[in-house]
> 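The structure's right below; bear with me while I get my questions together.
Each chain gets a letter, A, B and so on, in the order the sequences are listed, and its residues count up from 1.
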Amino acid sequence: MASHKLVVMLPIQTLRDHAADVATALKKRGIDAEAMVEEILELDEKRRSLQAEVDATLAEANRISKEIGVLYKSGKGAEANALKEESGKLKEKSKALGEDLTTAAEALQQALYQLPNAPHPSVPDGQDDSDNEVVKEVGERPDMGKDAQPHWELASQYDLIDFELGVKITGAGFPVYKGKGARLQRALISYFLDYNTAAGYQEVQVPHLVNEASGMGTGQLPDKEGQMYEITADNLYLIPTAEVPVTNMLRDEILERSSFPIKYTGYTPCFRREAGSYGAHVRGLNRLHQFDKVEIVRVEHPANSYAALDQMVAHVEGLLTALGLPYRILRLCGGDLGFTAALTYDFEIWSAGQGRWLEVSSVSNFEAFQANRLKLRYRDEDNKTQLAHTLNGSALALPRVLAGLLENFQEEDGIRIPEVLQPYTGFAKISQE
RNA sequence: AGAGAGGUGGCCGAGUGGUUUAAGGCGCACGCCUGGAAAGCGUGUUUCCGCGAGAGCGGAUCGAGGGUUCGAAUCCCUUCCUCUCUGCCA
């Protein structure tokens with residue numbers, strides 16, 4: 001009752017030490033951060049002074065209790081009873097103070113929950129995705145003229161994916177992959193995992209259902225509850241990304257410095273309700289309720305997390321280059337940046353059949369934001385516990401890569417398979433049987 | 001799903017109302033000893049919060065939450081989880 005563990009977004013210590021910097025950084029998100037930060041610091045101050053009062057009261061009560069024990073043992077019952085009265089008063093006082101403390105701590109917690117991660121200095125200003133900064137564009141966009149088909153036409157023509165069948169079995173957004181379509185998808189998963197493990201990421205297979213604590217840990221709960229499928233009978237959630245189970249492997253852990261860097265890769269299906277998103281841009285594989293993804297996750301010493309982010313960006317570039325897909329990298333602007341991220345790079349591939357870019361990967365540094373919720377720490381040089389930094393990225397999300405392959409490599413007589421995939425597919429071309 | 005057992009520090013494991021300030025062991029760290037090591041001896045070793053420049057002091061913490069009591073790891077209630085047996089099953 002006397003000490004309140006804060007489950008917060010940004011670590012409170014960061015706010016105490018760098019209030020002005022945090023407020024300035026948060027302006028990029030278009031929120032009035034100065035007032036919020038100021039309110040938080042006031043609430044923090046209030047909580048701390050109440051904490052000190054409660055502690056002092058309890059210390060006195062503890063002292064008296066011990067004295068009573070001693071008095072009873074030496075048969076001085078009368079004196080003991082007198083002290084009991086005093087102790088009763090202290091108990092009342094500490095109870096009242098404790099309630100105030102709980103109120104103050106909860107108010108602080110609520111305020112902290114509203115506060116998103118502070119954007120990295122390199123995050124550009126901006127309102128929405130139209131303000132994202134194009135960092136680079138690589139590869140030639142194939143010019144196919146009017147003959148270019150969107151992937152859903154190709155998928156139907158070559159009998160690779162059956163969207164209607166998925167509707168029958170489950171509903172919209174749950175496609176059935178068939179024949180070479182299924183094989184191509186499996187080939188991509190295997191290729192991605194091999195590529196990732198070759199770069200030192202340890203392959204893991206994790207549960208596809210997670211409990212509430214895990215959802216809280218990586219930040220999907222409580223804010224984005226409506227985006228996850230929930231198994232109410234067992235109070236579990238279907239994962240929206242492997243990030244949740246993989247990062248939560250290290251929840252409540254205190255790492256030794258020698259354990260860095262920690263690098264995991266895992267393939268999982270991902271389930272997203274995508275409530276409220278319908279329209280032309282969700283056609284075919286563009287947006288699904290269930291899709292496959294291979295994820296990379298890193299846990300780093302804070303001093304190394306941005307170097308790690310750069311490595312992850314280069315890693316994903318390597319995958320797209322090997323596949324021969326034209327891509328571009330975006331640095332997300334303040335308005336488009338996710339709640340938990342400090343810096344995010346999105347990867348988009350060119351979709352020749354639709355004439356637009358499709359996001360296939362998102363690589364982020366969350367700094368200490370997730371670690372703070374996860375209680376994921378390490379011991380520093382002075383043996384003190386510090387929050388680690390967490391990062392993750394898609395390497396890669398399957399459906400849009402599949403769409404890109406079909407659309408960009410469509411030819412007169414079929415669809416050409418990139419060389420790196422051929423050992424996995426067992427065929428070099430998808431053509432009319 | 002039914003029946004039973006159990007959740008204690010980094011790990012193992014004592015502990016059914018007051019020197020438990022959580023015994024003891026293992027591990028780890030440092031020191032003594034040694035030519036060096038092992039053994040031995042000594043000291044330290046949960047985490048979180050508050051105060052403090054620091055040493056340190058105080059509070060909380062025995063799965064979680066409530067209750068009884070001057071005082072709870074220990075008693076009561078609720079809840080979560082794990083294990084064993086039975087049942088079911090890839």
> For B/U84 and B/G13, measure between their P atoms and round to the nearest Å.
15 Å
> For B/G15 versus B/A22, give the span between their C1' atoms, rounded off to a whole number of Å.
8 Å
> Among B/A60, B/U69, B/G50, which nucleotide has an atom closest to any side-chain atom of A/Leu58?
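Out of B/A60, B/U69, B/G50, the nucleotide with an atom closest to A/Leu58's side chain is B/A60.
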> Distance between the P atoms of B/A1 and B/C12, in whole angstroms?
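Each nucleotide's P atom is 28 Å from the other's.
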> For B/G52, which nucleotide in any strand shown is its Watson-Crick or wobble partner with both distances under 3.5 Å?
none
> Once you measure the plane-to-plane angle for A/Tyr201 and A/His315, does it fall in the parallel (<30°), tilted (30-60°) or perpendicular (>60°) bin?
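A/Tyr201 vs A/His315 ring planes: tilted.
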> Want to settle it: does A/Ala52 or A/Ala61 sit nearer the 5' end of RNA chain B, counting the closest nucleotide to each?
A/Ala52
> For A/Ile64, report the nucleic acid contact type (base, sugar-phosphate, nothing); a contact means any heavy atom under 4.0 Å.
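Contact class for A/Ile64: none.
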> Distance-only, no hydrogens or angles: does the A/His151 side chain make a donor-acceptor pair with backbone N or O of A/Leu285 under 3.5 Å?
yes
> Please give the distance between the P atoms of B/U16 and B/U82 as a whole number of Å.
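B/U16 and B/U82 have their P atoms separated by 28 Å.
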> Over how many whole Å does the gap from A/Leu50 atom CG to B/A60 atom P extend?
17 Å
> Which nucleotide, in any strand shown, forms a Watson-Crick or G-U wobble pair with B/U16, with both distances under 3.5 Å?
none
> Name the pairing partner of B/U84, where a pair is Watson-Crick or G-U wobble with both distances under 3.5 Å, or state none.
B/A3
> Whole Å only: how far is the CG atom of A/Leu376 from the P atom of B/U47?
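For the pair A/Leu376 CG and B/U47 P, the rounded distance is 15 Å.
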> Determine whether a donor-acceptor pair (N or O, by modelled atom type, separation under 3.5 Å) exists between the side chain of A/Asn117 and the backbone of A/Phe366.
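Yes; at least one donor-acceptor contact below 3.5 Å.
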> NA contact type, A/Ile254, heavy-atom cut-off 4.0 Å: base, sugar-phosphate, or nothing?
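Since only primed, P, OP1 and OP2 atoms lie under 4.0 Å of A/Ile254, the category is sugar-phosphate.
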> Once you round to the nearest 0.5 Å, how far does CG of A/Leu332 lie from CG of A/Leu330?
7.0 Å
> Over how many whole Å does the gap from A/Glu212 atom CD to B/G63 atom P extend?
21 Å
> Does the side chain of A/Arg251 come under 3.5 Å of the side chain of A/Ser214 through a donor N or O and an acceptor N or O?
yes
> Could a donor-acceptor pair under 3.5 angstrom be found where the side chain of A/Asp55 meets the base of B/G58?
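Side chain to base: pair present.
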> Please give the nucleotide sitting opposite B/U61 as a Watson-Crick or G-U wobble pair, both distances under 3.5 Å, or none.
none
> Could you work out the separation of B/C33 and B/G27 based on their C1' atoms and round it to a whole Å?
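Approximately 22 Å lies between the C1' atom of B/C33 and that of B/G27.
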> So if I take every side-chain heavy atom of A/Lys84 and compare against B/C70, B/G59, B/U47, which nucleotide ends up nearest?
B/C70
> Expressed as a whole number of angstroms, how long is the span from A/Asn372:CG to B/C48:P?
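Value for this atom pair: 12 Å.
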> Given B/A60, B/G50, B/G58, which nucleotide is nearest the side-chain atoms of A/Ala59?
B/G58
> Under a 3.5 Å cut-off for both distances, is B/C30 Watson-Crick or wobble paired, and to whom?
B/G42
> Return the value, rounded to whole Å, for the distance between atom CG of A/Asp252 and atom P of B/C48.
11 Å
> May I ask which nucleotide in the shown strands pairs with B/G36, Watson-Crick or G-U wobble, both distances under 3.5 Å?
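Base-paired to nothing in any strand shown.
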> Looking only at the side chain of A/Gln51 (C-beta and beyond, no hydrogens), which of the listed nucleotides B/U47, B/C70, B/C49 gets closest?
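Looking only at side-chain atoms, A/Gln51 lies closest to B/C49.
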> Let me know the distance between NZ of A/Lys384 and C1' of B/G56, rounded to the nearest Å.
12 Å
> Ignoring the backbone of A/Asn62, work out which of B/G59, B/G18, B/G50 is nearest its side chain.
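It is B/G59.
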> Nearest-Å distance, CG (A/Asn211) to P (B/U82)?
10 Å
> Less than 4.0 angstrom between a side-chain N/O of A/Arg47 and OP1 or OP2 of B/G50, yes or no?
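Yes, because at least one side-chain N or O of A/Arg47 sits under 4.0 Å from OP1 or OP2 of B/G50.
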> Does the structure show a Watson-Crick or G-U wobble partner for B/C11, both distances under 3.5 Å? Name it, or say none.
B/G25
> Only pairs with both distances under 3.5 Å count, Watson-Crick or wobble alike; so what is the partner of B/C75 in this structure?
B/G67
> Between A/Gln410 (side chain only) and A/Glu407 (backbone N and O only), is there a donor and an acceptor less than 3.5 Å apart?
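Pair found, side chain donor or acceptor close to backbone of A/Glu407.
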> Where each residue is assigned the nucleotide of RNA chain B containing its nearest heavy atom, which of A/Asp234 and A/Ala56 is assigned the position nearer the 5′ end?
A/Ala56
> Does this structure show an ion pair linking A/Glu99 with A/Lys95, if we count only N-O contacts that are shorter than 4.0 Å?
no
> What's A/Ser65 touching, base or sugar-phosphate or nothing? Going by heavy atoms closer than 4.0 Å.
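Base contact - A/Ser65 has a heavy atom under 4.0 Å of at least one base atom.
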> For the pair made of CD in A/Glu60 and P in B/C57, what is the distance, rounded to whole Å?
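So the two atoms are 19 Å apart, to the nearest Å.
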> Measuring only the P atom in each nucleotide, how far is B/U8 from B/C62? A whole number of Å is fine.
12 Å
> Any side-chain N or O of A/Arg48 less than 4.0 Å from the OP1 or OP2 oxygen of B/C51?
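Result: yes.
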> Between A/Lys178 and A/Asp162, does any NZ, NE, NH1 or NH2 come within less than 4.0 Å of an OD or OE carboxylate oxygen?
yes
> Rounding to the closest angstrom, what is the interatomic distance between B/U79 and B/A29 at atom C1'?
40 Å
> Rounding to the closest angstrom, what is the interatomic distance between B/G66 and B/G18 at atom C1'?
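Taking atom C1' in both B/G66 and B/G18, they lie 24 Å apart.
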> Using a 4.0 Å heavy-atom cut-off across all strands, classify A/Thr385 as base, sugar-phosphate, or nothing.
sugar-phosphate
> Out of B/C70, B/U47, B/A60, which nucleotide sits closest to the side chain of A/Arg379?
B/U47
> Answer with base, sugar-phosphate or nothing: what part of the nucleic acid does A/Arg63 contact at a heavy-atom distance below 4.0 Å?
nothing
> Looking at A/Arg16, does any N or O in its side chain come under 4.0 Å of the phosphate oxygens OP1/OP2 on B/G50?
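Indeed, a polar side-chain atom of A/Arg16 lies that close.
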> Under 3.5 Å, is there a donor-acceptor pair between the side chain of A/Asn408 and the main chain of A/Gly404?
yes
